[in-house]
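Have a look at the structure below before the remarks.
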Amino acid sequence: MLRTHYCGNIRESNMKSYVKVCGWVNTKRDMGGIIFLDLHDREGTLQIVCDMEILKDKFKIIESVKNQSVIQVSGKVRLRDDQTINPKIATGTVEVYAQDCKLLSEAAPMPFSLEEDVREDLRLKYRFLDIRRESMLSNLKFRHKIQKLAQDYLDSDGFINVETPMLTKSTPEGARDYLVPSRLHPGEFYALPQSPQIFKQLLMVGGIDKYYQVARCFRDEDLRADRQPEFTQVDMEMSFVEQEDVLKHLEKLFKYIFKHSMNIELDERFTRITWKTAMDRYGSDKPDLRFDLPIVDITDISKICKFSVFRNVVDSGGVVRAICVKGGDVFSRSQIDELTKTAVTFGAKGMAWISLRPDGEIYSILTKYFSKEDIEAIINRTEAKNGDFILFCADKLDIVRKVLGVLRLEIADIFGLRRKDDYKILFVTDFPQFEYSEEEGRFLAMHHPFTMPYPEDLDLLDTDKGAVRAQAYDVVLNGVELGSGSVRIYDAKVQEKMFQALGFSAEEIKERFGFMVDSFKYGTPPHAGFAFGLDRLVMLLTGSNSLREVIAFPKIKDGSCLMTSAPNVVDEEQLEVLKLDLFRAEISTKKKHKNHSDIDVDKVVALAMLSIKEEEKEKIKEDLLNIIEFANQLEKADISQIREKELEVVNVFRKDVVTNGNRRDEMLSNAKTKEDGLILVKKVVE
RNA sequence: GGCCCAGUGGUUCAGUUGGUUAGAACGCCGCCCUGUCACGGCGGAGGUCGAGGGUUCGAGUCCCUUCUGGGUCGCCA
């Protein structure tokens, strides 16, 4: 047995017992003939006393032991003298008097200090060391706790934990999928799941009745502080329930988690607001309700005012809305400029404002454009008092919502209204069923295509898609979307109608969702579900600013991993097996090829050539080989020269070449049948 | 793809309106010390100021390009 106790767990009750402890050497205080060590493990820190007389020849091990080396110490636990008690550590009243010791693993000098704040890229490169930090350790422990609480609750409520596949089928619409090439089916790809959506619905068809899973999900989109390409959702689905049943269930679930993790009592019934109210009153579908600061509509007042800027906006179908900031008269000129800058960044043409001085004086550029009555009306509508500040946005509805929604948050930050230890949870309900995509020129499902509209809105599917309300709901915590769910369509006919409304042809439905539509023919229970982001919840509850603080091995902004340097170039042989033919286009930009001598001519490739004509393919290969040759001729690596040369030749065909995989994906999804796919792949292989 | 911020020994930072040989703390190496706890004392090594170019008599400092990391918009059913 290497150890009998964790370092951090030794207490006075262990007095006089002979213990074996193992851990990392944190600090060494060498007095000459006696050395004090702080030995650390996940449970805490323990002082080890090493006496030259006792350890004899082993004493030199301790004398030369390096910081963060792993050692084993055996000895007696003894009480410290009163004067030598260390109140800073939990084991501060005791120490282990070493009888024997062993160096288990010597540590090289640490690349950074575990005590102070360090550049994040360094932390991520050496994540295995970073995890030894107190903050990371406690975040991971807390994450485990939250996950367990969720599972405990769901277990006790009769949910069955079922695993669904990671290798699954690419889903149209929504986020980009991560694709996994199939060796046994050259030219075909699995997709990693964006969520277990379809499978959990099929589990309902299968009679599981109540399902949950702590599910890994993948989305190939750009990252943010609160968005990682792979993340974890606590996913659940229930049969024979209506929306209200799910919401009640979620209230209980989150109450349970908050109670047992933070000792916070959430309200019995969470605040519920409809999507439209959220958008109009708070300018966001995930409003932060730790403060009010509502948006007020003054379109009707503006329509008849003298200020042509406002009037014109209203006449051309826009809206004018305002926020009254209580005590906002204290804003400095530069703060107002900052707010204006934000407004412009998010699409506003500018930001008008009125300041009501404490003495009642009205200070604004608007005073000369507005009549006294207009201003009175605005003040009344916004319920402004002396000392308040009213700001306006006049534009198209979606821009006004967005701009004022963002300004509302910025103002709250100025007044410090977004306290991290304040938690305000709510439901946003009645999301629109569809969202119009300017880019694609058609309606897309706002939640997903399996979401059930309100029965009374079903008729609008044919006449007014934009007005259809879905039985879809989000849980929002402090302005962050924690998770979402919906009542699902369980009638094959309604589902088919929905697919049609989304513009899928009969063949597309069959190809993409055939098995699902089919399954619904054999007796499907009404069902509904929900999923929340475990990472996000843990981030909020730990007060972290980024998901990376609560994920053991996260990806950085560009989706790569600084520790493993994934994704990376794979061997030709691996591509060969998969029947994939690639050539590498971004020779000089890839960090792996900073130095031209790293460029392996044999592996020059990249960008799937699926969409490229044969004759072009040869030309591109030739051009790239030229670039490599040029690079190799340079005396020293000079990226800018290589890049110039690259651009010179690459630009010619760049527009035809798929640099980011988009075109390739498009081609693949256009290849509707297996035969099409095979033809494409054959083209490439030849 | 756009915009914004940052980069100075291993780490965290300082570095004035451009001006001698770029500093400090911690860490590291060597020596001393038997009750320290962020031990202490003495001595030492370690920097092409992310990279390239430009302006200048002179650049860590100003300009351009680029790399790396972060934030954000687009995107994220």
Side-chain angles (χ1 to χ4, degrees), chain A residues 26-38 45-54 59 64 66-68 80-81 83-89 91-92 95 97 108-126 171-177 194-195 197 217-229 231 341-342 344-347 402 406 431-435 437-439 443-451 470 472 481 484 486 502 545-546 548 556-558 560 562 588-591 594 636-644 659-660 662:
Chain A
N26 261 13
T27 56
K28 184 171 75 175
R29 295 177 289 279
D30 188 344
M31 303 296 128
I34 188 167
I35 297 173
F36 300 94
L37 290 183
D38 286 347
T45 302
L46 175 68
Q47 172 160 282
I48 310 291
V49 184
C50 305
D51 194 319
M52 184 159 53
E53 314 267 301
I54 307 292
F59 191 71
S64 60
K66 306 273 190 284
N67 182 35
Q68 294 301 317
R80 297 205 201 180
D81 293 339
Q83 315 89 286
T84 64
I85 285 175
N86 183 353
K88 288 180 207 160
I89 55 177
T91 61
E95 62 192 13
Y97 197 65
M110 293 284 283
F112 56 83
S113 158
L114 296 182
E115 314 302 325
E116 57 191 348
D117 288 340
V118 181
R119 286 209 317 272
E120 199 179 1
D121 54 332
L122 253 193
R123 290 177 54 200
L124 291 176
K125 183 172 177 191
Y126 298 95
T171 50
E173 312 220 14
R176 266 186 286 274
D177 289 316
Q194 295 180 27
S195 86
Q197 184 59 37
C217 303
F218 305 84
R219 292 177 191 177
D220 188 5
E221 295 292 344
D222 284 4
L223 284 75
R224 290 285 188 282
D226 63 351
R227 260 159 45 188
Q228 283 274 313
F231 57 102
K341 205 169 132 197
T342 302
V344 171
T345 304
F346 284 84
K402 177 158 206 173
V406 171
F431 275 74
Q433 183 81 32
F434 304 102
E435 185 175 32
S437 165
E438 298 283 347
E439 202 178 314
F443 280 96
L444 304 175
M446 194 156 183
H447 188 53
H448 56 56
F450 318 112
T451 304
E481 178 194 325
S484 56
S486 64
L502 287 166
N545 290 323
S546 151
R548 293 185 297 273
I556 61 166
K557 189 183 154 103
D558 69 356
S560 63
L562 287 176
S588 53
T589 58
K590 277 284 178 198
K591 58 188 165 196
K594 267 183 195 161
K636 70 189 225 290
D638 183 343
I639 302 304
S640 58
Q641 280 188 61
I642 297 175
R643 172 152 263 257
E644 245 168 61
T659 50
N660 55 16
N662 278 344

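A quick note: this is a predicted structure, and the numbers were derived from the prediction, not measured. Lettering of chains follows the sequences in order, A, B, ..., and the numbering in each one begins at 1.
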- Query: Please give, in whole Å, the distance from rU11(B) P to Arg123(A) CZ?
  - Reply: 15 Å
- Message: Go nucleotide by nucleotide along RNA chain B from the 5' end; which of Met110(A) and Glu221(A) gets its closest nucleotide reached first?
- Response: Met110(A)
- Task: Assign Leu122(A) to base, sugar-phosphate, or nothing according to its heavy-atom contacts below 4.0 angstrom with the strands shown.
- Result: sugar-phosphate
- Query: Hey, is the side chain of Arg219(A) pairing donor to acceptor with the base of rC75(B) inside 3.5 Å?
  - Reply: no
Could you list the protein-to-nucleotides 38-44 of chain B atom pairs, N/O on both sides, closer than 3.5 Å?
from    : atom 1 : to       : atom 2 : distance (Å)
rA38(B) : OP1    : Lys88(A) : NZ     : 2.9
rA38(B) : OP2    : Lys88(A) : NZ     : 2.9
rC39(B) : OP2    : Thr27(A) : OG1    : 3.3
rC39(B) : OP2    : Arg29(A) : NH1    : 2.9
rC39(B) : N4     : Asp30(A) : O      : 2.5

- Does any non-hydrogen side-chain atom of Thr91(A) lie less than 4.5 Å from one of Gln47(A)? no
- The Watson-Crick or G-U wobble partner of rA6(B), with both key distances under 3.5 Å, is rU68(B)
- Message: Over all strands shown, is Lys341(A) touching base, sugar-phosphate only, or nothing at heavy-atom distances under 4.0 angstrom?
- Response: nothing
- Message: Distance check, P atoms only: rU21(B) and rG60(B), in whole angstrom units.
- Response: 11 Å
- Partner of rA22(B) under the Watson-Crick or G-U wobble criteria, both distances under 3.5 Å, comes out as none
- Item | Ile85(A) or Ala175(A), whichever maps to the more 5' nucleotide of RNA chain B | Ile85(A)
- Message: Can you tell me which residue among Gln228(A), Arg123(A), Lys557(A) is in a side chain to side chain contact (heavy atoms under 4.5 Å, CB included) with Arg548(A)?
- Response: Gln228(A)
- Measure the spacing between CG of Asn67(A) and OG1 of Thr27(A) and express it to the nearest 0.5 Å. 8.0 Å
- With centres under 5.5 Å and planes under 30° as the test, does Phe36(A) stack with rU36(B)? yes
- Task: In whole angstrom, give me the gap between the P atoms of rG40(B) and rG35(B).
- Result: 15 Å
- Message: Roughly how many Å apart are rG46(B) and rU34(B), using the P atom of each and rounding to a whole number?
- Response: 32 Å
Give me, pair by pair, the N or O atoms of the protein and of nucleotides 1-9 of chain B that are less than 3.5 Å apart, along with how far apart they are.
none

- Euclidean distance for P, rC4(B) against rC13(B) (whole angstrom): 24 Å
- Query: In whole angstroms, how far is the C1' atom of rU11(B) from the NZ atom of Lys125(A)?
  - Reply: 14 Å
- Message: Tell me if the CG atom of Asp117(A) is crowded by more than 12 foreign heavy atoms within 6.0 Å.
- Response: no
- Quick note, Arg227(A) side chain, CB onward, closest among rU11(B), rG69(B), rC76(B) is rC76(B)
- Gap separating the CE atom of Met446(A) from the OG atom of Ser486(A), nearest 0.5 angstrom: 13.0 Å
- Item | Same-atom distance (P) from rC67(B) to rG58(B), integer angstrom | 29 Å
- Note on the structure: Lys402(A) NZ to rC73(B) C1', in whole Å, measures 7 Å
- Message: In whole Å, I'd like the distance from the CG atom of Asp81(A) to the C1' atom of rU34(B).
- Response: 14 Å
- Query: How far, in whole Å, is rC28(B) from rU72(B) if one measures between their P atoms?
  - Reply: 37 Å
- Message: Check this for me, if you would: do Asp30(A) and Lys28(A) make a salt bridge, where the nitrogen-to-carboxylate-oxygen distance has to be below 4.0 angstrom?
- Response: no
- Message: Counting the atoms with a prime plus P, OP1 and OP2 as sugar-phosphate, which does Glu95(A) contact under 4.0 Å by heavy atoms, base, sugar-phosphate, or nothing?
- Response: base
- Would you mind classifying the nucleic acid contact of Gln194(A) as base, sugar-phosphate or nothing, using non-hydrogen atoms under 4.0 angstrom? nothing
- Item | Gap in Å between the two C1' atoms, one belonging to rC3(B) and one to rU16(B), rounded | 31 Å
- Separation between the C1' atoms of rA59(B) and rG1(B), rounded to whole Å: 34 Å
- Query: Which heavy atom in Ala225(A) sits nearest to a heavy atom in Asn545(A), and how many Å separate them?
  - Reply: CB-O, 3.8 Å
Would you tabulate the nitrogen or oxygen pairs shorter than 3.5 Å linking the protein to nucleotides 23-26 of chain B?
none

- Query: At under 4.0 Å, does any side-chain N or O of Lys66(A) touch on OP1 or OP2 of rC28(B)?
  - Reply: no
- Query: Tell me: CG of Asp117(A) to P of rG70(B), nearest whole Å?
  - Reply: 16 Å
- Item | Pairing of Asp38(A) and Arg29(A) as salt bridge, 4.0 angstrom limit | yes
- Is there side-chain contact between Ile54(A) and Tyr97(A), with at least one heavy-atom pair below 4.5 Å? yes
- Note on the structure: Rounded to the nearest 0.5 angstrom, the CD-CD1 distance for Gln83(A) and Ile85(A) is 9.0 Å
- How long is the line joining CG of Leu223(A) and P of rG74(B), in whole Å? 16 Å
- Return the value, rounded to whole Å, for the distance between atom OH of Tyr97(A) and atom P of rG35(B). 12 Å
- Query: For rG40(B), what is the paired nucleotide under Watson-Crick or G-U wobble rules, both distances under 3.5 Å?
  - Reply: rC32(B)
- Under a 4.5 Å cut-off applied to non-hydrogen side-chain atoms, are Glu120(A) and Ile556(A) in contact? no
- Message: By the 4.0 Å heavy-atom rule, please label Thr345(A) as base, sugar-phosphate, or nothing.
- Response: nothing
- Query: Short question: side chain of Gln194(A), backbone of Ala175(A) - any donor-acceptor pair under 3.5 Å?
  - Reply: yes
- Task: Calculate the interatomic distance between Asp220(A) atom CG and rC75(B) atom P; express it in whole Å.
- Result: 16 Å
- Heavy atoms only: give me the nearest Phe218(A)-Phe231(A) pair and the separation to one decimal. N-CE2, 4.3 Å
- Return the minimal non-hydrogen interatomic distance between Leu122(A) and Phe112(A), and the atom names on each side. O-CE2, 3.8 Å
